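Take a look at the structure set out below.
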There are 8 protein chains.
Amino acid sequence: GFAKIDVQRVKRKGFPEVIYGEGKTAEQIQAIFSRLMTHHETVLATRISKEKAEQLVPQLVHVTYDECSRTLLYDERKSFRSYGKVGVLCAGTSDLPVAEEAAITAQAMGLEIARFYDIGVAGIHRLFDQLEQIRTCDVLIVVAGMEGALVSVVGGLVQQPILAVPTSIGYGASFHGVAALLTMLNSCASGVSVVNIDNGFGAAYQAALISRIKKE
Amino acid sequence: GFAKIDVQRVKRKGFPEVIYGEGKTAEQIQAIFSRLMTHHETVLATRISKEKAEQLVPQLVHVTYDECSRTLLYDERKSFRSYGKVGVLCAGTSDLPVAEEAAITAQAMGLEIARFYDIGVAGIHRLFDQLEQIRTCDVLIVVAGMEGALVSVVGGLVQQPILAVPTSIGYGASFHGVAALLTMLNSCASGVSVVNIDNGFGAAYQAALISRIKKE
Amino acid sequence: GFAKIDVQRVKRKGFPEVIYGEGKTAEQIQAIFSRLMTHHETVLATRISKEKAEQLVPQLVHVTYDECSRTLLYDERKSFRSYGKVGVLCAGTSDLPVAEEAAITAQAMGLEIARFYDIGVAGIHRLFDQLEQIRTCDVLIVVAGMEGALVSVVGGLVQQPILAVPTSIGYGASFHGVAALLTMLNSCASGVSVVNIDNGFGAAYQAALISRIKKE
Amino acid sequence: GFAKIDVQRVKRKGFPEVIYGEGKTAEQIQAIFSRLMTHHETVLATRISKEKAEQLVPQLVHVTYDECSRTLLYDERKSFRSYGKVGVLCAGTSDLPVAEEAAITAQAMGLEIARFYDIGVAGIHRLFDQLEQIRTCDVLIVVAGMEGALVSVVGGLVQQPILAVPTSIGYGASFHGVAALLTMLNSCASGVSVVNIDNGFGAAYQAALISRIKKE
Amino acid sequence: GFAKIDVQRVKRKGFPEVIYGEGKTAEQIQAIFSRLMTHHETVLATRISKEKAEQLVPQLVHVTYDECSRTLLYDERKSFRSYGKVGVLCAGTSDLPVAEEAAITAQAMGLEIARFYDIGVAGIHRLFDQLEQIRTCDVLIVVAGMEGALVSVVGGLVQQPILAVPTSIGYGASFHGVAALLTMLNSCASGVSVVNIDNGFGAAYQAALISRIKKE
Amino acid sequence: GFAKIDVQRVKRKGFPEVIYGEGKTAEQIQAIFSRLMTHHETVLATRISKEKAEQLVPQLVHVTYDECSRTLLYDERKSFRSYGKVGVLCAGTSDLPVAEEAAITAQAMGLEIARFYDIGVAGIHRLFDQLEQIRTCDVLIVVAGMEGALVSVVGGLVQQPILAVPTSIGYGASFHGVAALLTMLNSCASGVSVVNIDNGFGAAYQAALISRIKKE
Amino acid sequence: GFAKIDVQRVKRKGFPEVIYGEGKTAEQIQAIFSRLMTHHETVLATRISKEKAEQLVPQLVHVTYDECSRTLLYDERKSFRSYGKVGVLCAGTSDLPVAEEAAITAQAMGLEIARFYDIGVAGIHRLFDQLEQIRTCDVLIVVAGMEGALVSVVGGLVQQPILAVPTSIGYGASFHGVAALLTMLNSCASGVSVVNIDNGFGAAYQAALISRIKKE
Amino acid sequence: GFAKIDVQRVKRKGFPEVIYGEGKTAEQIQAIFSRLMTHHETVLATRISKEKAEQLVPQLVHVTYDECSRTLLYDERKSFRSYGKVGVLCAGTSDLPVAEEAAITAQAMGLEIARFYDIGVAGIHRLFDQLEQIRTCDVLIVVAGMEGALVSVVGGLVQQPILAVPTSIGYGASFHGVAALLTMLNSCASGVSVVNIDNGFGAAYQAALISRIKKE
Ligand SMILES: Nc1ncnc2c1ncn2[C@@H]1O[C@H](COP(=O)(O)O)[C@@H](O)[C@H]1O
Ligand SMILES: Nc1ncnc2c1ncn2[C@@H]1O[C@H](COP(=O)(O)O)[C@@H](O)[C@H]1O
Ligand SMILES: Nc1ncnc2c1ncn2[C@@H]1O[C@H](COP(=O)(O)O)[C@@H](O)[C@H]1O
Ligand SMILES: Nc1ncnc2c1ncn2[C@@H]1O[C@H](COP(=O)(O)O)[C@@H](O)[C@H]1O
Ligand SMILES: [Mg+2]
Ligand SMILES: [Mg+2]
Ligand SMILES: [Mg+2]
Ligand SMILES: [Mg+2]
Ligand SMILES: [Mg+2]
Ligand SMILES: [Mg+2]
Ligand SMILES: [Mg+2]
Ligand SMILES: [Mg+2]
């Protein structure tokens, strides 16, 4: 058929396949989603528009749609075994959808979430106020658009590995996230690695793999 | 003076400051290096050309220069406490200097190293031959130039977090590493985060932070 | 008039002119299409939107519109003489429209088609499962978006010439297909040549020219 | 060791591994070259500088260095079985090194070569004068720098598959071959596929795979 | 007010100001247009959408709107004194709007127009068929998208100065006209100068200035 | 041989072939140059380094080497018939080599030259001081690096067609001439067309074609 | 909550936080706006679309919406203490929205405004006519799209610091403001510093900080 | 001659012309420098290599060469009237040459200098330690390479206008200063304007114009 579902993925990667909703019809998503539901107790789909969600939610029992993060989640885990705590930091209010894509994904993958939002460096005291809390996490996801300087500042202050997520927030010479991406790749702070622009999902996935090391 | 040595860094980040040798004179490097030697039992400098090394080695006791990785290391640790095992993979022979910068840095930061070199996807059996060994590591650093496809292939096969290092190896439309960088940022495999082109040091540093989580 | 139909093309190139529908009105397409129908037993138009197709199909007898590939085909060949077999491979479900543009074009030009879809390297066993089949083809068209790594992996395993088609599938640093394009141009595997982003038509045309060599 | 020689490549791809000399020391090249000589009757190395060649030629018996194409060839084939005839066309005198890299590689891989040099479109009669000869080839390699228009013109006139090689010849807005690369990717003529800037080797390899189809 | 009309322009440049319609409201255009009508016997506005034209035509007496070129023209010249003949060539049907912007502008500026449309190099005989006619012009405007090779071919064949206009026609690696722009800037043919992507107006203006030299 | 001399060019274009020296050996240049000397009374070679010139001048009788413009000229015209007067303007002292390449080429092609150097807009009175003189020319070549604003200012003031030459002078965000190139392509002044970065030769050639119109 | 209002900003920066409306819902803007109204006598929001304004104006007493600049202003200052006079210059009519964003912001921050609009270099006398007036200002904001040459010309003539604002006005090779941005960064005139494309707000803010120096 | 010295510049801009040494021969520099010495009591040349300085210093009396900033200064001011105090901040040791170009220029233009070097955000306490001192300045010049985050952090903390100077320090995806440039143009902190990459001179010039406002 049009899709070869990779049911062995949970064996190879530790988590079942996650559906990337962009560029798939609601029909295609439903077909893949329900097939995954027969194999796993958690199924996640990202980049699901509100329109598609309205078609899908009535047809897939026990799923929840979250509008901000644009995710569709089926979660029938009996008990929640935490693999660690991830801090999700973001610079401004407009970065929220990406931050929440990361948070929901991380949660689905067994992490506890601590949110630290709207703490960009234009008012740096907002970061320092929360530094103690931030330092209690195992891994940090730092989400920022425009010039993305938050990553370097946090990176200079903590021992946690940082997964940096540039966002496409900004205009003009931000070039849809390229400015933030370059900032993060060139960070003068150590302990920073970077995922694609707006890829909250990818950062959370990496955070989950990292946290599993601890628990092994 | 010309440099403000950040002696508190070991407290904040878990490791002392590492000297970036490019754009500093041998005199400047010597001054900073010897000051750091009075505070720490391990001191590392990267991007040290052979010429500078010839000036520096006679003047700094107990340091070793490694020509391939272009690193200068002072290592007076009494005992070696391993924080974990990092696998360093590279696609081709020309990626070796970057892979070795990663390996030497990781070792200086308390990691055991397993090397898997010249296993690019043009002869993919070379990767499969070593997959069992690769899966015994805690974290993987995957170094590749040209089109950097090795990252996606490894990423599809293992549960370890992957730190991807694009190299500037290639010509024409490789644009000095940009092609490999884009490949890695857009990898269809999950559990991949990326550092700057040729930044073996940065990948190793992140690997060390990740491994520490395990040992905490 | 507005268009100078190149009726000699079948002589020079072996195939009649193919209409590129983008940027032409339905009226213009109909005029050119029906004129070509008077000269040739196969007429193909690509990049035909659903809207235009709805105008055109009732007016052009014996034509078929395919929504996925967005092609309009008139095919009155009495017998089908096969010039060879082309394998069309694609990495993910979203690459389908480009893969199908290639498939339909190739078929119109006298090739047998074998489809190998959704076999991206995130689950590489899906490729190995079909390798024997793939090796029975004369030429391969490999279609992939995001980081496009599938091309290099296939290229390392087969003797068939590969026509690589980057797609605009992806987001952020995929830059509308540029990441996949660069991957393919820099492939470490030999026997790969590349066409424009999303140009399924171009790859199929080249496959047809290549296959004709065999039959000469 | 530093290199894992891929002796199975001749099985998988039909040709033994070819050594890419750039970024390897003369010592490394010699080691790999002599090992390949024990397995195969043809061994080729490309991108060999004159300096390295002067070190290598005395040490590797029966090898020939060609300064223009910068290739080192060991060729002990008893008889030459031709797989087909490739036409190598180039636009200007400065494209010669790339054209010759293609020609020497193609020859090493069992093709007959017909050269059509300095026939750029500024004096297009030079192309028309040779069109009959060009049409006797099985495959064409078209090499051009600056704006690379030769590819489109030839592509409009012949039935042979064209492998287009942009070169880095030019200045200013040629951006080291990017202008020619884009021209070739966007060619309005069909039956054109493209390899990396200056990649004469890659075009010849593809030409050889294509020609083999004919002979199978 | 919002605009400082430059009534001295006809003195300095030989032609009155031309209104660039994009980004101006119908009201603003009307105000400027009618003020210019009180000073000059020819007034031209370019980049006028159909919507704006429907508002403007009833309110400005004696003006003509041309939908293809998107121009609005007021032309009360008693007699037409020709300053020369400009040939407008274009490669494909989709380049027509740009070619017609050039043609209408040139005509408004006192040139005779000869049109040579859809003569792209994929069917180069269409160009040769008209070469005699083309050589009777004083100046040539060559309009082409995709890879823009037509400019180099014409440039190799004629003595007329060529004003090259890249168009944004194409997809993928045409980058909205950048590929054609680079082709034209790097043309191996001499006697070519280039204007902005889609700038038919600018080419015609330059053609008019050039033609005036002749008549002085 | 390695070059197909295009002796018909003077018929097609009005001027004999001009040798582009970059990327050719002194031997190749000498061979082509002397062959052209047997056909034409003027022979020009551009981009000739001082080193090559020292080899060539003793061997080619009656040639002159100009170090600033890096041109080699053989000029045996009995009488000088002027086709018109070209003004060569440049913004700063560093643009001189490009301006002189234009001037020497124009002269070789039968134009009178008026030089207006170092009149950049940082001291705009220097331009106004010479405006009367500038207006006596038939065509203008305006050479500028950095931001290239001189073109727009001159373009607003004169009726002459302007051939704009961006130079690679500048640093940082000038991107080796790209900033000046974009300025000139987007000039708000009309009557400007553009040649490649540093292409003084191309501007002069176009000026000569334009001037010929006048004299026909 | 979703936003951490930075009430200390007026202490640190001299002005209260300004709301950036893009990417915020009307609800979010209203919440932040009304909270800021309880602390400050001036509150400004930029990038407010007409649609959002229609929702907001009825709900926020004493606010004014300006459609051209897309700003929402609450201004309850008892007396207006001028910190200086800023000249806002723009090149063309289409640059008005950016120029007005600068003007309204500057006014809200306590500056007197002098407007000099539509004075681009295509008709440079319009600038010279107003030079005396321009020289009476303390700081200048120069707004220009297309090639942005106005900045260099003004910069050569005045002693005032110039804040250059590139706009996204233009097409083709203007690349949405990049051409103007590069022009301004490479200006041959001194005393020019640059803000982001279309960032009228940022230029006005900087003008206000500069003017405060005078008044201290 | 080759240069038109702009002796009126001190009248128009408040400072005499400054010589840009790059791309000028020592002879040209000497000629211009000595002519300026006859008109002004301060003469400055920037971008003077050590080699040129060794030629120039013996021939120009009373000039000082500074190797770090690569400036040549003639300063015969009887008394030093300070126009204000500029703080020059830089992120790392490698930014020193650019920072010193700014400092020496500012001093030549009548500013007092306070230096704050090596205070990048990887060790942000180094910035906070000096914040009180920094706040005593009138204007700030912030120099940073790599990701340039220092600008945003300082910008969030102070009321001084900031002139941001990106440097070309870095590698890989820093693209010779482009990453830092984009960071600074997109800074989330207000009161930041930007000059060209490595343009210490330009920032100092702007700082001087700004400071003059205060003293008027
Ligand atoms: N938001 C996202 N961004 C990037 N990758 C994703 C995202 N959501 C899911 N994926 C990955 O995309 C792949 C699904 O691709 P497909 O087979 O086209 O559904 C899965 O392997 C996921 O790991
Ligand atoms: N999808 C496509 N992509 C690229 N080229 C195409 C496509 N479909 C048709 N063509 C080519 O476009 C040309 C038609 O251009 P036109 O004369 O504008 O119709 C033909 O020569 C076709 O070979
Ligand atoms: N299509 C066009 N492309 C580029 N420039 C144009 C075009 N149409 C008119 N212009 C020029 O744009 C200028 C008008 O700008 P404005 O003052 O904003 O109306 C005039 O000087 C015209 O010469
Ligand atoms: N038009 C604008 N362009 C750039 N920045 C702005 C603009 N308007 C407001 N800002 C800044 O954006 C910040 C608000 O960001 P946020 O916290 O997301 O509302 C404030 O610090 C403002 O100084
Ligand atoms: Mg899938
Ligand atoms: Mg330091
Ligand atoms: Mg056609
Ligand atoms: Mg190998
Ligand atoms: Mg106007
Ligand atoms: Mg030639
Ligand atoms: Mg905020
Ligand atoms: Mg000067």
Side-chain angles (χ1 to χ4, degrees), chain A residues 6 8-15 17-18 20 83-85 105 109 131 135 137-141 155-166 177 181-182 184-197 199 201-216, chain B residues 6 8-15 17-18 20 83-85 105 109 131 135 137-141 155-166 177 181-182 184-197 199 201-216:
Chain A
D6 183 6
Q8 315 176 336
R9 191 160 305 178
V10 72
K11 267 225 192 105
R12 290 197 326 277
K13 298 288 301 181
F15 300 105
E17 208 178 339
V18 172
Y20 175 67
Y83 285 95
K85 183 161 88 172
T105 302
M109 291 182 164
L131 203 49
R135 284 186 173 136
C137 301
D138 294 307
V139 194
L140 301 178
I141 292 173
L157 295 167
V158 304
Q159 299 199 11
Q160 282 71 19
I162 291 174
L163 302 167
V165 190
L181 172 63
L182 296 186
M184 292 170 183
L185 286 169
N186 288 287
S187 179
C188 61
S190 303
V192 172
S193 54
V194 186
V195 298
N196 195 6
I197 296 164
N199 192 2
F201 161 78
Y205 203 107
Q206 180 75 315
L209 292 192
I210 290 172
S211 300
R212 294 235 160 163
I213 296 179
K214 188 183 173 179
K215 288 291 138 82
E216 266 151 30
Chain B
D6 182 5
Q8 315 175 337
R9 189 159 306 177
V10 72
K11 267 224 192 106
R12 289 196 328 275
K13 299 287 301 181
F15 299 106
E17 210 178 335
V18 172
Y20 174 67
Y83 284 94
K85 182 161 87 174
T105 302
M109 290 181 165
L131 203 49
R135 283 184 173 138
C137 302
D138 295 305
V139 195
L140 301 177
I141 292 173
L157 295 167
V158 303
Q159 300 200 12
Q160 282 70 21
I162 291 173
L163 302 167
V165 191
L181 172 63
L182 296 186
M184 293 170 183
L185 286 169
N186 289 288
S187 179
C188 62
S190 303
V192 172
S193 55
V194 186
V195 298
N196 195 6
I197 297 164
N199 191 3
F201 162 77
Y205 202 108
Q206 181 75 315
L209 292 192
I210 289 171
S211 301
R212 294 232 162 167
I213 295 178
K214 187 183 175 181
K215 289 291 139 80
E216 265 152 29

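Keep in mind that this is a model prediction, so the values were computed, not measured. Below, read A as the first sequence line, B as the second, and so on, with proteins coming before strands; counting in each chain starts at 1. We use all heavy atoms of the structure for the numbers below, so side chains are in, but hydrogens, waters and symmetry mates are not.
- Neither the backbone nor the side chain of B:Q8 comes within less than 4.5 Å of any heavy atom of chain A.
- Heavy atoms closer than 4.5 Å to chain A are found nowhere in B:V18, neither backbone nor side chain.
- When heavy atoms are compared at a cutoff of 4.5 Å, B:Y20 does not approach chain A at all.
- Interface remark: B:V158 contributes backbone atoms only to the contact with chain A (heavy atom separation under 4.5 Å).
- Going from atom CD1 of A:I210 over to atom CG of B:L163 covers 7.0 Å, rounded to the nearest 0.5 Å.
- Atom CD of A:Q160 is separated from atom CZ of B:R212 by 12.0 Å, given to the nearest 0.5 angstrom.
- The structure places OG of A:S190 at 10.0 Å from CZ of B:F15, a figure rounded to the nearest 0.5 Å.
- Nearest heavy-atom pair across B:Q159 and A:R12 is CG-O, 2.8 Å.
- Heavy atoms closer than 4.5 Å to chain A are found in the side chain of B:L181, but not in its backbone.
- Note that CD1 of A:I162 is 11.5 Å distant from OG of B:S193, once rounded to the nearest 0.5 Å.
- Two residues are said to be in side-chain contact when any heavy atoms from C-beta on lie closer than 4.5 Å; A:V139 and B:I213 meet this criterion.
- Heavy atoms only, all atoms of each residue included: B:N196 and A:L185 are closest at CB-O, 3.3 Å.
- Ranked by heavy-atom pairs under 4.5 Å with chain A, the first of B:G155, B:P161, B:A204 is B:P161.
- Of the inter-residue distances, the one linking A:K13 atom NZ with B:L157 atom CG reads 8.5 Å to the nearest 0.5 angstrom.
- By the side chain to side chain donor-acceptor pair (under 3.5 Å) test, A:S187 is found to be paired with A:S152, residues two or more places apart in sequence or in another chain being considered.
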